Visitor: 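I am attaching a structure below and will ask some questions about it afterwards.
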Amino acid sequence: MVSRSDARAVDPGSELLRVDNISLSFGGVKALTDVSFDILRGEVRAIIGPNGAGKSSMLNVINGFYHPQEGEVWFAGEKRRNPKPHNIAYQGIARTFQNIALFKGMSTLDNIMTGRFTHMNQNLLMQALWRGPAEREEIANREKAEEIIDFLEIQAIRKTPVGRLPYGLQKRVELGRALAAEPELLLLDEPMAGMNVEEKEDMSRFILDVKDEFGTTIALIEHDMGVVMDISDRVVVLDYGKKIGDGTPQQVRSDQTVIDAYLGVAHDE
Amino acid sequence: MSPQFLFTIEVIANGLMAGVMYSLVALGFVLIFKASGIFNYAQGVMALFAAMTLVGIQNGQVPFSHLINAVFGTNIHHFGWNLPAIVAILITLVVMVLFAILVERLILKHLVNQEPIILFMATIGLAYFMEGFGDLMWGSEIKILDVGIPSGGSLWLEEKTIGWAAEGSNYYGMYIDKLDMIATVVAILLVISLTLFSQYTKTGRALRAVADDHQAALSVGISLRKIWVIVWTIAGFVALVAGVMWGAKSGVQFSLSLIALKALPVLILGGFTSIPGAIIGGLIIGVGEKLFEFTIGPLIGGATENWFAYVLALVFLVFRPQGLFGDKIIERV
Ligand SMILES: Nc1ncnc2c1ncn2[C@@H]1O[C@H](COP(=O)(O)OP(=O)(O)O)[C@@H](O)[C@H]1O
Ligand SMILES: [Mg+2]
């Protein structure tokens with residue numbers, strides 16, 4: 001397997017993830033039908049489509065939460081075989097959730113520290129005794145967490161239990177927890193949903209900074225077409241579980257099938 | 001100071017110490033409930049089992065000796081040694097870890113995503129199984145647990161306090177059992193170490209993370225199954241401490257498993273999801289029932305300690321069902 005540091009050395013623009021002919025259904029409901037696309041290193045790859053199109057399901061497949069009935073997932077040049085969800089994080093994939101999934105009772109700092117989970121290897125006994133290597137590990141990771149906090153400009157809420165934070169800040173903390181893992185691939189499920197214009201601008205800026213400063217590859221689900229056009233390099237369009245478009249924002253925007261899908265939804269809503 | 005006042009202080013002190021024991025048992029419940037949403041009916045039996053195992057190991061008893069003798073026609077009961085308490089406690093700890101692993105492998109793993117009621121039923125099954133298994137392993141007779149904890153009233157305290165009352169009053173100093181004092185200190189140390197562990201270690205944070213959100217915990221790389229083993233180990237550890245203290249006080253026998261029943265009102269007071277709640281709930285019930293027995297008890301014929309906690313819990317259920325500290329119950333319409 002390609003380790004994370006090796007993978008970093010690989011050319012930007014090479015393939016990081018590929019899904020081949022993915023089909024996923026829940027009982028009678030077909031969430032995804034024969035969907036294929038790739039994600040290249042260093043790009044922001046948007047996944048768009050009307051509600052119920054299967055975007056979150058796709059992210060859950062990539063993240064190992066859902067196992068598709070058909071199709072293959074290739075990550076860093078390896079074909080994945082039904083991985084356990086918690087192992088995905090160790091492969092270098094982190095995510096946020098459409099409905100914020102923070103550890104509500106814990107502080108901002110502790111949430112972000114928990115994001116460092118895969119980087120901490122001391123055994124239980126050493127942790128319990130808080131001696132030597134375990135102590136050093138805790139302190140080193142704490143520093144890393146503080147860097148993330150500085151990066152996201154959330155110093156003021158370090159110690160606040162996240163359940164008490166306003167929605168926009170919770171979304172930011174959730175991004176922080178995912179970033180703390182220093183993932184190679186970051187999956188963001190509607191990171192700007194429910195935000196006002198200003199909050200969306202902040203979030204867009206953070207996403208671009210993550211890409212530029214850390215070289216993280218990002219898969220992004222987003223509804224706001226303006227944002228998608230601004231920050232993504234390439235876009236996949238899903239509708240009723242099928243891929244109906246794939247290309248640069250400009251290509252996708254002028255595609256008649258895509259326009260129809262969106263207009264249809266606009267009438268429904 | 002009037003003797004009446006001093007008696008009241010003594011009652012409160014004794015109540016606090018009884019309360020610490022209730023808190024300990026309730027703590028075991030809360031830990032498991034928070035991490036996995038399981039109301040572990042077997043918590044009391046775990047305390048009994050841990051205490052039995054400790055006595056058996058300390059006395060060099062051969063496990064399953066009745067079974068072995070019946071099958072092979074042998075007549076062995078003892079290895080012929082007695083182990084120091086500390087060694088026996090360590091071995092018992094290992095047994096409780098094995099127990100946690102088995103619970104995860106044989107039960108929890110197969111019941112992931114089941115309704116809470118099904119998990120609850122599973123723990124009822126577990127409780128009865130463990131009770132029988134414990135008897136089979138160590139015999140069902142009442143056992144004396146002696147790990148060297150002193151007991152009896154503290155003479156030192158009696159001598160110190162005897163002068164506090166006015167001259168000539170029939171006050172003979174404060175009576176507090178040494179065992180209770182030690183149990184209190186041990187329980188406090190246990191709670192402090194658990195708190196530090198959960199605040200400042202990777203696994204402690206993972207425990208809290210799993211308690212808050214399973215999906216998010218998985219997404220950062222936490223294995224739920226490993227966490228469940230750890231949680232049941234800690235609950236087993238807490239059960240051992242509770243079992244040792246209660247066992248030292250009143251012998252290791254079936255009734256020890258009934259202390260779990262006292263934990264129920266504590267949980268209703270403190271809330272099922274709050275560790276401080278379990279501790280304070282335990283103390284309130286401990287003090288409340290002793291004070292009630294001391295003040296109102298004589299007026300209504302005594303023996304109020306049997307029911308006071310449950311009536312208090314009932315009052316709470318009516319007026320504050322989420323407990324003192326529990327998550328607010330928001331009704332979904
Ligand atoms: N866990 C699940 N169980 C049953 N159906 C699901 C599940 N997850 C998603 N679906 C269904 O799959 C379809 C796609 O949903 P989703 O991926 O959430 O769409 P999107 O994120 O694009 O709005 C929907 O019809 C949804 O009801
Ligand atoms: Mg979605």
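As the structure is a prediction and not an experimental result, all values here were calculated from the model. Throughout, a chain's letter reflects where its sequence line sits, starting with A, and its residues are numbered from 1.
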Visitor: Please determine whether the number of non-hydrogen atoms from other residues, nucleotides or ligands lying under 6.0 Å from atom NZ of A/Lys104 exceeds 12.
Guide: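 Enclosed.
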
Visitor: Taking CZ in B/Phe316 as the centre, count heavy atoms belonging to other residues, nucleotides or ligands within less than 6.0 Å. Is the count above 12?
Guide: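 Buried by this count: over 12 neighbours within 6.0 Å.
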
Visitor: Counting heavy-atom pairs under 4.5 Å to chain A, which of B/Gly204, B/Ala217, B/Ala209, B/Ser193 comes out on top?
Guide: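 Between B/Gly204, B/Ala217, B/Ala209, B/Ser193, the count favours B/Ala209.
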
Visitor: Would you mind checking which part of A/Phe117 comes under 4.5 Å of any heavy atom in chain B, side chain (CB onward), backbone (N, CA, C, O), both or neither?
Guide: both

Visitor: Between A/Asp110 and chain B, which part of the residue has a heavy atom less than 4.5 Å away: side chain, backbone, both or neither?
Guide: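 Both parts, backbone and side chain.
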
Visitor: So, A/Thr216 side chain and A/Lys211 main chain: donor-acceptor pair closer than 3.5 Å or not?
Guide: no

Visitor: Heavy atoms only, distances under 4.5 angstrom: which of B/Leu196, B/Ile230, B/Asp213, B/Leu224 has the most pairs with chain A? Name it, please.
Guide: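 Sorted descending by pairs with chain A, the first entry is B/Asp213.
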
Visitor: Measuring heavy-atom distances to chain B, does A/Leu187 have an atom under 4.5 Å in its side chain, in its backbone, in both, or in neither?
Guide: neither

Visitor: Test ring-ring contact (aromatic ring centres under 6.0 Å, His included) on B/Phe33 and B/Phe39; report intermediate values, then the result.
Guide: CA-CA 5 Å; B/Phe33 188 79; B/Phe39 182 81; 7.0 Å; no

Visitor: Which of the residues A/Ala178, A/Ala180, A/Pro85 is involved in the greatest number of heavy-atom pairs with chain B at under 4.5 angstrom?
Guide: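 Ranked by heavy-atom pairs under 4.5 Å with chain B, first place is A/Pro85.
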
Visitor: Taking A/Glu137 for the side chain and A/Asn121 for the main chain, is one N or O donor matched with an acceptor at less than 3.5 Å?
Guide: yes

Visitor: Chain A: which of B/Gln215, B/Arg205, B/Arg208 shares the most heavy-atom pairs with it under 4.5 Å?
Guide: B/Arg205

Visitor: So which part of A/Gln127 gets closer than 4.5 Å to some heavy atom of chain B, the side chain, the backbone, both or neither?
Guide: both

Visitor: Check for a donor-acceptor pair, side chain of B/Thr123 on one end and backbone N or O of B/Phe120 on the other, with a separation under 3.5 Å.
Guide: yes

